[in-house]
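In what follows, a structure is listed as structure tokens, so that the remarks can point back to it.
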Amino acid sequence: MSMRFKAFEDKIGYTFKNKELIHEALAHSSYANETRECRSNERLEFLGDSVLSIIVSEHLFTHFRHLPEGELTKIRASLVCEKALFKFAQKIDLGSFILLGKGEENTGGRERPSIVSDAFEAVIAAVYLDGGMEEARKYVLGFIPDDLNVKSGSALNDYKTLLQEVIQCNPEEKVEYVLVGQTGPDHDRRFTVEVCLNGSVIGKGEGHSKKQAEQMAAHEALTLMGYEHQ
């Protein structure tokens, strides 16, 4: 069992001081009921749901200062729903680490979104209890995309690709993205990027990553050029 826990720690990039928390976070109720080794992850899931919500809420509140409450609520909902958590969990292959009873194991429990997403929230709670809010925040934000579409909460529309397609109509034209500034502390850095066409600035954008700033610069350029991205 300790090898499984060590492999899981390596996978998520966090080492637990209290190994019992990993055991509980990964234990589905079917396993806990069969083995009586530990209690199930249901209580941790309950706590993890709240920790996840506050971390995501704070992140959106800080990074999307121009958005009203209603829009922030929509984006948060898209990031904490079962579908999103299941996708996040797949990035760390969480399903393969979950402890299941024989029945759940035989009926594909490792691939069941409800089981995997619940375990993902339980792990968040375990990290929070073991290392505090900063460690939990670092863990959760590692799954949140840099580029969020503030209208739909999904990945940002790919304005860079659209701009490139527009420019390619004239093969001699050259597009370049230039980082012209960055401000703020490490946890709240803002990047400013200009997009240039043959050396002339045609758009400018800001974001909390260079990638996001480039997308916003491309978006401004497309808007100024009269193109609308649906």
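- Annotation for E135: atom CD counts as buried by contact number, over 12 foreign heavy atoms lying within 6.0 Å.
- At a cut-off of 3.5 Å, with distance as the only test, a side-chain donor of T73 or E69 sits close to an acceptor on the other residue.
- Within the model, atoms CG of L44 and CG of D49 stand 12.5 Å from one another, a figure rounded to the nearest 0.5 Å.
- Defined by atom type and a distance below 3.5 Å, a donor-acceptor pair is present between the side-chain atoms of E37 and H23.
- Here the closest heavy-atom approach between residue I98 and residue A119 is recorded as CD1-CB, 3.7 Å.
- Judged as a ring pair (Phe, Tyr, Trp, His ring centres under 6.0 Å), and not counting sequence neighbours, the contacts of F97 are F8.
- Put simply, CD1 on I12 and CZ on F143 are 8.0 Å apart, with the number rounded to the nearest 0.5 Å.
- Counting heavy atoms from C-beta outward, V193 and Q212 have side chains that stay 4.5 Å or more apart.
- Side-chain contact check for R190 and H208: at least one donor-acceptor pair (N or O, by modelled atom type) lies under 3.5 Å.
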Would you check, one step at a time, whether the test salt bridge (charged side-chain N to carboxylate O under 4.0 Å, His left out) holds for E214 with K211? CA-CA 5 Å; E214 289 174 355; K211 185 177 176 183; over 6 Å; no
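- Note: Y159 OH to L222 CG = 8.5 Å, rounded to the nearest 0.5 Å.
- In this structure the side chain of M3 never reaches within 4.5 angstrom of the side chain of K6, judged on heavy atoms.
- Across all their heavy atoms, G199 and C196 have their closest contact at C-CB, 4.1 Å.
- Nearest approach of S30 to E104, heavy atoms of both residues: OG-CG, 3.4 Å.
- Y14 pairs by the ring pair (Phe, Tyr, Trp, His ring centres under 6.0 Å) definition with F16, not counting sequence neighbours.
- Using a cutoff of 4.0 Å between basic side-chain nitrogens and carboxylate oxygens, E24 and R39 are scored as salt-bridged.
- A salt bridge does not link E105 with K102: every distance from a Lys NZ or Arg NE/NH1/NH2 to an Asp or Glu carboxylate oxygen is 4.0 Å or more.
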